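Just so you know, these numbers come straight off a predicted model, no measurement behind them.
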Amino acid sequence: MNLDQMLRKENNNLNLLRVLLAIIVIYYHSFFIFDNNFDGEFLLKYTGMGIGSLSVKVFFFLSGMLVTKSYITNPNPFEWLISRGLRIVPAYYVVILFTALVIGPIITSLNLHSYLSSPDTHSFIIGNATFETVFLLPGIPAGRVNGLNGSIWTIHFEVFFYLLFIIIAVLFATRCREFFIAILVACFILPLVGQKDLIYESHDMQSYYLLLPCFSFGCIIASFSTSIRRSHLNIACLILATSIPVFNFFGWDMLFFYSMTIFTCIGCLLIFTTNFATSLNLKSDISYGVYLWGFTVQQLVFLYITKNFYYGFFISLLFSVVIGVISWEVIEKPSMRMKKRIQSRGRTSQLGITIDP
């Protein structure tokens, strides 16, 4: 089976993978919110990379694969942008507006007029609506970190990578395939050659600078999806698995983080394209809603229900999953129907391209 076949819905359970990744992010943030330290986070303690951070990178890897596959299927940039926007924007905007206009007024220490007229409230709404992350709202007892929602910062990067991809694809995907791939490879290796500041504004944390490599890696392998076979991915995993302890032993941190991250990305892809994973058949993709609401739910649980790590995690998880289901059924699923109609119209009106030789 090649990668193109693995990415067909009937041959994978990426919905389940994404839900598990969102749950892991909630678990990771529980250390941040309920314990105020990461002493109990085993992966961070022994590798320097938190399990939540690693999960976010897998999200970006999957995103790179799927948006590339979407563009190959329908290379109309306008329809592609609408499709991407309908997937991420409606649920995201609901989170921002509900947080600012419903949750905020209820829990702020300010009176309603002062809260609504505060420049900080306007900045939160406008800034996040334009994907410039703003965490804080006025008068909000924000627990101990990053306002009511510390997860929304990734949406800024997701949107930026989408725009970067579509510009590169429109300019080069069909005219000069080799240059298209070369640019993606350059994006993948930027941190390795000491150029991470070009994208990340001097961020030294791998939480930031490995996002674009993971997204680019997903784009690259999707571009060769009919050539890459499952056996190739197995071999890549084996090579990476043997490289990880070597890089760690010699203290080559950048290569260590790269290899561990790519190993996890490929490993997750292999696991969730097995017959067993596919048989679990999770049809609803509630992961986006769980991810978007998880941090806010955790902050509210911390403030008003419990400060215990385990109780806080499980209560937050329960509420987040329920809200994720509601978000999927009420917001995301209707948006996806519009997205599918646009994609269907594109398929009937255009010839598809094949990036793979």
A.B. asks: Say whether, by atom type as modelled, one donor and one acceptor occur between the side chain of Asn11 and the main chain of Leu7 under 3.5 angstrom.
C.D. replies: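 No.
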A.B. asks: At what distance, to the nearest 0.5 angstrom, does CG of Asn234 lie from CD1 of Ile266?
C.D. replies: 9.5 Å
A.B. asks: Under a single-linkage definition using a 4.5 Å side-chain heavy-atom cutoff for Ile, Leu, Val, Met, Phe, Trp and Tyr, are Ile235 and Met1 assigned to the same hydrophobic cluster?
C.D. replies: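 No; tracing contacts between hydrophobic side chains, which count when under 4.5 Å, never links both residues.
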A.B. asks: What I want to check is whether the side chains of Lys57 and Ser53 have a donor and an acceptor closer together than 3.5 Å.
C.D. replies: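 There is such a pair between these side chains.
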A.B. asks: Between the side chains of Ser30 and Tyr310, does any donor sit under 3.5 Å from an acceptor?
C.D. replies: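 The criterion, which ignores hydrogens and geometry beyond distance, is not satisfied for Tyr310 and Ser30.
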A.B. asks: Do Thr264 and Cys268 make a side-chain contact, defined as non-hydrogen atoms from C-beta onward lying under 4.5 Å apart?
C.D. replies: yes
A.B. asks: A quick test of your reading: do over 12 heavy atoms of other residues, nucleotides or ligands sit less than 6.0 Å from CZ of Phe319?
C.D. replies: no
A.B. asks: Report yes or no: do Asn74 and Glu79 form a side-chain donor-acceptor pair below 3.5 Å?
C.D. replies: yes
A.B. asks: Quick one: closest heavy-atom pair of Tyr162 and Val67, and the distance?
C.D. replies: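 Closest pair (atom of Tyr162, atom of Val67, distance): CE2-CG1, 3.5 Å.
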A.B. asks: Is there a side chain to side chain contact (heavy atoms under 4.5 Å, CB included) between Phe295 and Leu300 once you walk through the steps?
C.D. replies: CA-CA 9 Å; Phe295 198 98; Leu300 295 175; over 6 Å; no
A.B. asks: Do the side chains of Phe215 and Phe165 get nearer than 4.5 Å, heavy atoms only?
C.D. replies: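 In contact.
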A.B. asks: Establish, from distance only, whether the side-chain atoms of Asp120 and Ser123 form a donor-acceptor pair under 3.5 Å.
C.D. replies: no
A.B. asks: Specify the closest pair of heavy atoms between Phe247 and Ser259, including all atoms of both residues, with the distance to one decimal.
C.D. replies: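 Residues Phe247 and Ser259, closest heavy atoms: CD1-OG, 3.5 Å.
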A.B. asks: Could you check, using the six-membered ring where one of them is a Trp, whether Phe61 and Phe217 have ring centers closer than 6.0 angstrom?
C.D. replies: yes
A.B. asks: Does Ile271 share a hydrophobic cluster with Ile23, counting links as ILVMFWY side-chain heavy atoms below 4.5 Å and allowing steps through other members?
C.D. replies: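 Yes, same cluster.
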A.B. asks: Please confirm whether the backbone N or O of Ser225 pairs with a side-chain atom of Asp4, one donor and one acceptor, at under 3.5 Å?
C.D. replies: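 Between the backbone of Ser225 and the side chain of Asp4 there is no qualifying donor-acceptor contact (under 3.5 Å).
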A.B. asks: Measuring from Asn248:CG to Thr47:OG1, what's the distance to the nearest 0.5 Å?
C.D. replies: 8.5 Å
A.B. asks: Do Tyr258 and Phe188 touch side chain to side chain, with heavy atoms closer than 4.5 Å?
C.D. replies: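 Side chain of Tyr258 against side chain of Phe188, heavy atoms only: contact under 4.5 Å found.
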A.B. asks: Got a donor-acceptor contact below 3.5 angstrom from the Thr242 side chain to the Ile239 backbone?
C.D. replies: yes
A.B. asks: Please test Leu54 against Tyr28 for side chain to side chain contact (heavy atoms under 4.5 Å, CB included), starting from the C-alpha separation and ending with a verdict.
C.D. replies: CA-CA 10 Å; Leu54 189 58; Tyr28 178 74; over 6 Å; no
A.B. asks: So Ser151 and His29, do their side chains get closer than 4.5 Å, heavy atoms only?
C.D. replies: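 Of all side-chain heavy-atom pairs linking Ser151 with His29, at least one is under 4.5 Å.
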A.B. asks: In terms of hydrophobic clustering (I, L, V, M, F, W, Y; side-chain heavy atoms under 4.5 Å; direct or indirect links), are Leu233 and Leu238 co-clustered?
C.D. replies: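 In one cluster with Leu233: Leu238, no.
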A.B. asks: Are any side-chain N or O atoms of Ser335 and backbone N or O atoms of Ile331, one a donor and one an acceptor, separated by less than 3.5 Å?
C.D. replies: yes
A.B. asks: Which residue is it: Asn2, Thr273, Thr274? I am looking for the one with a side chain to side chain donor-acceptor pair (under 3.5 Å) to Arg230.
C.D. replies: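 Of the listed options, the one satisfying the test is Thr273.
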A.B. asks: Which word best sums up how the rings of Phe31 and Tyr27 line up, parallel for under 30°, tilted for 30 to 60°, or perpendicular for over 60°?
C.D. replies: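 Phe31 and Tyr27: perpendicular rings.
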A.B. asks: Donor-acceptor pair, distance only, cut-off 3.5 Å: does the side chain of Tyr71 make one with the backbone of Asn76?
C.D. replies: no
A.B. asks: Which pair of non-hydrogen atoms, one from Ile103 and one from Trp293, has the smallest distance, and what is that distance?
C.D. replies: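 For Ile103 and Trp293, the tightest heavy-atom pair comes out as CD1-CZ3, 4.2 Å.
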A.B. asks: Before you tell me yes or no, could you show the steps for Ile181 and Ser223 under side chain to side chain contact (heavy atoms under 4.5 Å, CB included), namely the whole-Å CA-CA distance, both residues' side-chain angles and the distance that decides it to 0.1 Å?
C.D. replies: CA-CA 8 Å; Ile181 299 299; Ser223 299; 3.7 Å; yes
A.B. asks: Look at atom OH of Tyr93 and say whether more than 12 heavy atoms of other residues, nucleotides or ligands are closer to it than 6.0 Å.
C.D. replies: yes
A.B. asks: Can you tell me how far apart CG (Leu66) and OG1 (Thr73) are? Round to the nearest 0.5 Å.
C.D. replies: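 Spacing of CG (Leu66) from OG1 (Thr73) equals 10.5 Å.
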A.B. asks: Have Arg18 and Asn15 got a donor and an acceptor in their side chains that come within less than 3.5 Å?
C.D. replies: yes
A.B. asks: Can you name the closest pair of heavy atoms from Tyr288 and Glu332 and give their distance?
C.D. replies: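 It is CB-OE1, 3.5 Å.
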A.B. asks: Test your reading of the model: is there a side-chain donor-acceptor pair from Thr108 to the backbone of Leu110, 3.5 Å cut-off?
C.D. replies: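 At least one qualifying donor-acceptor pair exists.
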A.B. asks: What are the two closest non-hydrogen atoms of Ile88 and Tyr92, and how far apart are they?
C.D. replies: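 Taking every non-hydrogen atom into account, O-CB, 3.1 Å.
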A.B. asks: For the atom pair CG (Leu184) and CG (Leu212), what is the distance rounded to the nearest 0.5 Å?
C.D. replies: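 Atom-to-atom, Leu184:CG and Leu212:CG are 9.0 Å apart.
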A.B. asks: Can you confirm whether or not the ring centre of His156 sits under 6.0 Å from the ring centre of Phe131?
C.D. replies: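 Ring centres of Phe131 and His156 not closer than 6.0 Å.
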A.B. asks: Would you indicate whether Asn281, at its atom CG, is surrounded by more than 12 heavy atoms from other residues, nucleotides or ligands within a distance under 6.0 Å?
C.D. replies: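 Yes - once you tally the heavy atoms of other residues, nucleotides and ligands closer than 6.0 Å, there are more than 12.
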A.B. asks: Please give me the minimum heavy-atom distance between Gly85 and Pro90, naming the atom from each residue.
C.D. replies: O-CD, 3.3 Å
A.B. asks: Are the side chain of Thr261 and the backbone of Phe257 linked by a donor-acceptor contact shorter than 3.5 Å?
C.D. replies: yes
A.B. asks: Begin with the C-alpha distance, continue with both residues' side-chain angles, and end with the deciding distance and a verdict on side chain to side chain contact (heavy atoms under 4.5 Å, CB included) for Phe263 and Cys237.
C.D. replies: CA-CA 6 Å; Phe263 170 80; Cys237 264; 4.1 Å; yes
A.B. asks: I want to check something: taking the side chain as every heavy atom from C-beta on, are Phe124 and Thr99 in contact at a cut-off of under 4.5 Å?
C.D. replies: yes
A.B. asks: Nearest 0.5 Å please: distance from the CD1 atom of Ile167 over to the CD1 atom of Ile183.
C.D. replies: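 Going from the CD1 atom of Ile167 to the CD1 atom of Ile183 covers 10.5 Å.
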A.B. asks: Out of the candidates Val301, Leu292, Ile315, Val290, only one should pair with Ser320 under the side-chain contact (heavy atoms from CB on, under 4.5 Å) rule; please name it.
C.D. replies: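 One option only clears the test, and that one is Val290.
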A.B. asks: Ignoring hydrogens and geometry beyond distance, is a side-chain donor-acceptor pair present between Asn13 and Thr278 at under 3.5 Å?
C.D. replies: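 The criterion, which ignores hydrogens and geometry beyond distance, is not satisfied for Thr278 and Asn13.
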A.B. asks: Return the SG to CG distance between Cys187 and Leu164, rounded to the nearest 0.5 Å.
C.D. replies: 5.0 Å
A.B. asks: For residues Ile126 and Trp153: do they belong to one hydrophobic cluster (side chain heavy atoms under 4.5 Å, members Ile, Leu, Val, Met, Phe, Trp, Tyr)?
C.D. replies: no
A.B. asks: Side-chain contact test, heavy atoms from C-beta onward, threshold under 4.5 Å: evaluate it for Thr296 versus Phe98 and give yes or no.
C.D. replies: no
A.B. asks: Does this structure show an ion pair linking Asp35 with Lys307, if we count only N-O contacts that are shorter than 4.0 Å?
C.D. replies: no
A.B. asks: Cut-off 3.5 Å, side chains only: do Asn308 and Thr306 have a donor facing an acceptor?
C.D. replies: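 No, no side-chain donor-acceptor contact under 3.5 Å.
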A.B. asks: Between Gln298 (side chain) and Phe313 (backbone), is there a donor-acceptor pair under 3.5 Å?
C.D. replies: no
A.B. asks: Counting only N and O atoms by type, is there a donor-acceptor contact under 3.5 Å from the side chain of Ser279 to the main-chain atoms of Phe276?
C.D. replies: yes
A.B. asks: Is Ser55 reaching over with its side chain to a backbone N or O of Val25, donor-acceptor style, under 3.5 angstrom?
C.D. replies: no
A.B. asks: Can you tell if the side chain of Ser316 reaches within under 4.5 Å of the side chain of Phe34, non-hydrogen atoms only?
C.D. replies: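 The answer is yes; the side chains approach within 4.5 Å.
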A.B. asks: Are side-chain heavy atoms of Val134 and Ile152 found at a separation under 4.5 Å?
C.D. replies: no
